[in-house]
Amino acid sequence: MAADPTHRAIEAVFRIERARLIAGLARLTRDVDRAEELAQDALLVALTEWPASGVPANPGAWLMAAAKRRAIDGFRHTAMQSRKHAEIARELDEEQGMSAEAVEAALDDPLGDELLGLVFAACHPVIGAEGRAALTLRLVGGLTVEEIARAFLSNEAAIAARITRAKKAIAKAGVAFEVPRGAELAARLPSVLEVVYLIFNEGYAATAGPSLVRPPLCGEAQRLGRILAGLMPDQPEVLGLLALMEIQASRLAARAGPDGRFVPLTEQNRARWDQLLIRRGLNALARAEALGGANGPYALQAALAACHARARRAEDTDWRRIALLYDRLRQVMPSPVVELNRAVAHSMAFGPAAGLALVDAIADEAALRNYAPLPAARGDFLLRAGRRAEAKAQFEAAAALAGNDRERDYLLSRAADC
Amino acid sequence: MRVMVFVKATEDSEQGMTPSPELSQMFIDMGKFNEELVNAGVLVAGDGLKPSSFGKRVAFDGPSRTVIDGPFAETRELVAGYWIWEVKDMDEAVEWVKRCPNPMFGPSEIEIRPFYEMEDFGDVIPDEAAAIHDGVGEKLANR
């Protein structure tokens with residue numbers, strides 16, 4: 001089937017329309033599983049009819065109309081069992097009398113409200129973060145269960161179960177497929193952004209396995225971020241997150257050496273940084289700041305990434321500004337990891353002694369006990385302070401804690417250099 | 001994958017822009033299409049180019065370099081504008097192009113070309129050349 005150009009064209013149309021179809025159908029049926037089925041049914045109808053009739057002028061509206069017809073048939077079928085279904089079937093029947101233009105208008109979703117509603121439902125806090133990520137990739141990103149499993153280095157059964165649980169949680173909580181407004185939007189937006197950034201990070205800093213980066217996941221997260229920024233252009237943190245991802249992704253090609261070895265930021269070949277993504281990131285950051293969002297957690301992290309992106313050479317990096325940004329970030333996003341990065345920034349801006357003082361203050365944090373970057377940072381400060389033997393021990397301790405093979409090799413090579 | 005989408009020139013576009021209701025409508029339609037591309041997370045960059053009468057060419061032949069002023073004759077091969085899109089594959093790029101409103105008055109063409117990606121260079125560029133490329137890039141970055 002994949003070789004036939006007509007079928008390939010239909011599949012491409014379906015990929016473009018799928019998320020919007022599911023969004024509209026989920027709102028109609030209040031049932032994600034049913035919405036997915038109906039969308040899939042509509043694809044099957046298209047695959048039968050379009051090769052003869054040609055792809056219609058507005059394929060999205062066509063697919064939606066076909067799916068709605070199936071929905072009505074289904075509702076009629078179960079109408080005897082449920083009064084509610086009978087009512088919906090009648091409403092839909094009335095809609096069937098609409099002209100093609102009216103169907104199109106009904107599907108026309110200029111604000112992208114339906115798609116956004118689907119994103120908010122898939123990222124609802126009643127679902128655990130991993131479940132949200134899998135469901136969002138499936139429903140909005142259109143990835144298959146197999147693709148998601150490969151991306152998360154999991155197996156298909158586990159991912160399928162995760163998605164099923166997530167759908168059940170939505171159904172049980174009676175989550176509406178609507179975009180929350182006002183205070184509720186502010187309360188639920190972080191959970192959406194968290195999911196997108198989790199997907200990005202899973203690709204950017206692979207937490208396990210032989211490969212350092214998994215660019216397809218980064219690309220999917222960037223795409224989600226761009227969609228959200230398109231649909232919510234006035235939300236500074238959406239722009240902040242997009243800026244952060246674009247700038248970090250600009251370094252993907254430089255992060256791994258030719259042998260797959262991890263290359264730290266200061267040693268990367270900056271000619272390999274994707275200037276187009278950097279420009280996009282800086283633009284998004286400027287928009288976030290213009291909207292008064294400079295101190296949002298994502299905007300601050302994007303501003304940090306931007307400091308590196310603006311430095312043509314590693315030695316041009318404005319470490320004092322980075323130290324200042326970390327001072328602000330710890331106010332809005334207190335975490336041991338931020339404290340550690342702050343220590344690194346201060347060591348670069350004010351010398352290794354400043355870094356050591358800050359890192360000693362947080363060394364007892366439970367969250368950092370088995371965290372490889374802590375001894376790695378301390379090793380770096382000690383080495384720069386000329387305390388080689390102590391530095392070596394720290395690098396070795398860090399290597400023992402590293403979860404990623406590539407990172408472990410890097411840390412062992414640093415220990416060997418002491 | 002990243003693709004560059006070229007809007008090819010026509011006799012009309014080579015004349016430059018003259019304000020008219022039709023042109024205004026085209027801008028509105030194109031704006032809507034661009035918005036759709038943004039909302040789908042597809043649009044990365046894009047711009048329009050002035051007619052070739054503003055352009056110059058440099059012809060190479062051995063050691064000689066000859067500067068040729070525009071306008072250039074082979075109108076249909078000229079580029080009037082471009083987008084950079086991020087799409088899953090060429091099929092998706094084709095579907096998006098089909099949705100583009102007519103970019104010109106009268107018949108015209110849009111061409112889609114995928115970018116080379118890192119791995120495409122693997123076997124083509126010898127190590128020595130890759131090192132020079134990186135070196136040049138580094139100098140560029142170090143400017």
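Every chain is numbered from 1 and lettered A, B, ... according to where its sequence line falls, protein lines coming before strand lines.
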Salt-bridge contact Arg20(A)-Glu114(A) (side-chain N to carboxylate O under 4.0 Å):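 The answer is no: the pair does not qualify as a salt bridge.
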
Pair Glu111(B) + Lys8(B): basic N to acidic O under 4.0 Å: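 Looking at Lys8(B) together with Glu111(B), the answer is yes, because their closest N to O distance falls below 4.0 Å.
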
Region of Leu43(B) in contact with chain A, defined by heavy-atom distances below 4.5 Å: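 It is the backbone, since no side chain atom gets that close.
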
Val38(B) versus chain A, the contacting section by heavy-atom distance below 4.5 Å: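 Both backbone and side chain of Val38(B) come within 4.5 Å of chain A.
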
Geometric cation-pi criterion, Arg113(B) with Phe6(B): 6.0 Å, 45°: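 No, Arg113(B) does not lie over the aromatic ring of Phe6(B).
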
Stacked cation flag Arg255(A) on Tyr204(A), 6.0 angstrom / 45 deg: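 Judged by the rule, Arg255(A) and Tyr204(A) form a cation-pi pair.
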
Top contributor to chain A contacts, counting heavy-atom pairs under 4.5 Å, from Glu36(B), Lys98(B), Lys32(B), Lys88(B):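 Top option by heavy-atom pairs under 4.5 Å: Lys88(B).
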
Most contacts with chain A, counted as non-hydrogen pairs under 4.5 angstrom, among Val94(B), Val44(B), Ile84(B):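 Max contact count across the listed options: Val44(B).
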
Heavy-atom pair with the smallest gap, counting every atom of Gly142(A) and Glu147(A):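 Nearest heavy atoms, Gly142(A) then Glu147(A): O-OE1, 4.4 Å.
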
Is it the backbone or the side chain of [X] that comes under 4.5 Å from a heavy atom of chain B, or both, or neither?
{"X": "Arg223(A)", "result": "both"}
{"X": "Leu277(A)", "result": "side chain"}
{"X": "Pro233(A)", "result": "neither"}

Atom CZ of Phe105(B) with >12 non-hydrogen neighbours under 6.0 angstrom: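 Counting neighbours around CZ of Phe105(B), more than 12 heavy atoms of other residues, nucleotides or ligands fall under 6.0 Å, so yes.
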
